[in-house]
Enquirer: 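If you scroll down you'll find the structure; I have some questions about it.
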Protein chains: 2
Amino acid sequence: MPNLDKFDIGILEALQEDARATNVEIAERVNLSPSPCLRRIRNLEKSGVIRGYRVDIDRKEVGLGLTVFVEIKVGQHSRENAEAQHTALLALPEITACFMISGTADFLAEVVVEDLSAYERFLTEKLLMLPGVADIRSNFAIRAVKTGAPLKLPQR
Amino acid sequence: MPNLDKFDIGILEALQEDARATNVEIAERVNLSPSPCLRRIRNLEKSGVIRGYRVDIDRKEVGLGLTVFVEIKVGQHSRENAEAQHTALLALPEITACFMISGTADFLAEVVVEDLSAYERFLTEKLLMLPGVADIRSNFAIRAVKTGAPLKLPQR
DNA sequence: CGAGATTTGGCATAAATCACCTGTTTGAAA
DNA sequence: TTTCAAACAGGTGATTTATGCCAAATCTCG
């Protein structure tokens with residue numbers, strides 16, 4: 001909703017490549033002096049366009065070798081108080097992303113765990129214990145083609 | 001593979017919450033003085049545990065209102081030279097994440113675009129033009145429960 | 001064209017980064 | 001257990017960066 005001009009878009013593109021770039025570097029890249037550049041960044045943060053800054057960790061390197069995409073179906077009456085479902089799924093730290101989707105399933109969740117046995121524990125001790133979960137289908141990631149790629153920002 | 005101790009894990013957890021936190025802040029949080037803390041961060045970067053730093057942008061706020069999860073099936077002979085498939089999918093900026101998966105599909109891709117008509121253009125002009133793409137199935141995200149959540153790092 | 005509002009750029013100061021150095025801890029072998 | 005070497009934590013200071021302030025430039029309407 002906020003009107004983003006070419007400077008804002010440029011700043012966001014720079015931060016998508018390297019969110020720890022210094023303000024001076026970003027200012028040079030978008031052809032602005034440091035002062036207004038920093039002011040714009042702070043405005044983007046305050047207005048909610050920028051939600052935060054994250055480190056991109058190599059999952060394999062930290063021992064998280066298994067990514068699974070889980071299609072979750074919920075029972076008919078659980079679909080009515082969807083808020084409780086959201087809260088429950090939000091609280092599971094193994095789920096790194098989760099969307100309510102159209103199609104055959106109700107939710108699609110990305111689950112990141114150490115290995116198959118950790119995934120088994122997650123399923124039996126956590127996901128299947130949630131009330132209202134009627135059916136799940138697991139799609140195992142064999143290989144990551146790309147993850148967390150920069151958004152293709154609409155130009156102004 | 002590199003041995004990560006509790007300091008490294010603490011640094012990664014801090015950077016997952018705020019990747020622009022200053023080295024001094026991170027050092028305080030993990031109970032280390034700034035010098036060794038910065039040294040560890042640089043080591044994590046050099047060893048590949050840290051792949052980079054990304055800004056978390058609110059998609060709606062920049063006009064990207066539609067997220068679609070696309071299941072892609074490729075023809076039998078395309079499956080053999082999978083490398084070409086990967087390269088082609090990598091090159092599409094609308095795809096923000098893509099995995100080769102088990103199950104009914106061959107690939108699962110997350111596509112982020114402005115709206116339905118932009119998605120139609122993406123499908124007809126780009127994805128369906130790729131050689132070897134035999135079948136696709138689109139699952140539209142109705143609501144994001146969570147995105148880009150921090151990883152649950154194995155403790156040491 | 002002109003008044004008002006917004007934004008930019010430069011400056012000064014406080015803070016952070018980072019290379020270098022020193023002292024301590026750790027770990028392996030005798 | 002003792003010894004030695006390698007690795008690591010912590011301190012210091014020069015350089016770079018962040019950030020508030022203010023005057024000048026730019027943009028926006030009437």
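Keep in mind that the numbers below use all heavy atoms, side chains included, and drop hydrogens, waters and symmetry copies. Residue numbers begin at 1 in each chain, while the letters A, B, ... track the order of the sequences. Keep in mind that this is a model prediction, so the values were computed, not measured.
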Enquirer: Is it true that a side-chain atom of A:Arg20 and a backbone atom of A:Leu15 form a donor plus acceptor pair closer than 3.5 Å?
Expert: no
Enquirer: Can you tell me if A:Arg51 and B:Thr147 form a side-chain donor-acceptor pair at under 3.5 Å?
Expert: yes
Enquirer: Got a list of side-chain donor-acceptor pairs under 3.5 Å for residues 31-42 of chain B, not counting sequence neighbours?
Expert:
from	atom 1	to	atom 2	distance (Å)
B:Arg40	NH1	B:Asp5	OD1	3.0
B:Arg40	NH1	B:Asp5	OD2	3.1
B:Arg40	NH1	B:Asp8	OD1	3.2
B:Arg40	NH1	B:Asp8	OD2	3.2
B:Arg40	NH2	B:Asp5	OD2	3.0
B:Arg42	NH1	B:Glu45	OE1	3.2
B:Arg42	NH1	B:Glu45	OE2	3.2

Enquirer: Other hydrophobic cluster members with A:Phe69, side-chain heavy atoms of Ile/Leu/Val/Met/Phe/Trp/Tyr under 4.5 Å, chained?
Expert: A:Phe99, A:Ile101, A:Leu108, B:Phe69, B:Phe99, B:Ile101, B:Leu108
Enquirer: Would you call B:Glu110-B:Arg59 a salt bridge at under 4.0 Å N-O?
Expert: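 Here B:Glu110 pairs with B:Arg59 in a salt bridge, since their nearest N and O are under 4.0 Å apart.
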Enquirer: Do B:Leu4 and B:Phe7 belong to the same hydrophobic cluster, where Ile, Leu, Val, Met, Phe, Trp and Tyr are linked whenever their side-chain heavy atoms lie under 4.5 Å apart, directly or via other members?
Expert: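 Yes, because B:Leu4 and B:Phe7 connect within a single hydrophobic cluster, where side-chain heavy atoms sit under 4.5 Å apart.
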Enquirer: Please tabulate, one pair per line, all N/O donor-acceptor pairs under 3.5 Å involving side-chain atoms of residues 126-138 of chain A, not counting sequence neighbours.
Expert:
from	atom 1	to	atom 2	distance (Å)
A:Lys126	NZ	A:Glu94	OE1	3.4
A:Lys126	NZ	A:Glu94	OE2	2.8
A:Ser138	OG	A:Tyr119	OH	2.6

Enquirer: Using chain B heavy atoms and a threshold of under 4.0 Å, write down where along DNA chain C the contacts begin and end, 5' to 3'.
Expert: C:dA16 to C:dA19
Enquirer: Indicate yes or no for a side-chain donor-acceptor contact from B:Asp106 to the backbone of B:Val74 under 3.5 Å, with no hydrogens or angles considered.
Expert: yes
Enquirer: So, A:Lys152 side chain and B:Pro93 main chain: donor-acceptor pair closer than 3.5 Å or not?
Expert: no
Enquirer: Would you say the side-chain atoms of A:Gln155 pair up with the backbone N or O of A:Leu153, donor to acceptor, closer than 3.5 Å?
Expert: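 Here the side-chain-to-backbone pair exists.
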Enquirer: Strictly under 4.0 angstrom, non-hydrogen atoms only: write out the protein contact profile of nucleotides 14-30 of chain D, one letter per nucleotide from the 5' end, B, S or -.
Expert: ---SSBB----------
Enquirer: Which angle, rounded to 10°, do you find between the first-five-pair axis and the last-five-pair axis of the helix from C:dC1-D:dG30 to C:dA30-D:dT1?
Expert: 50°
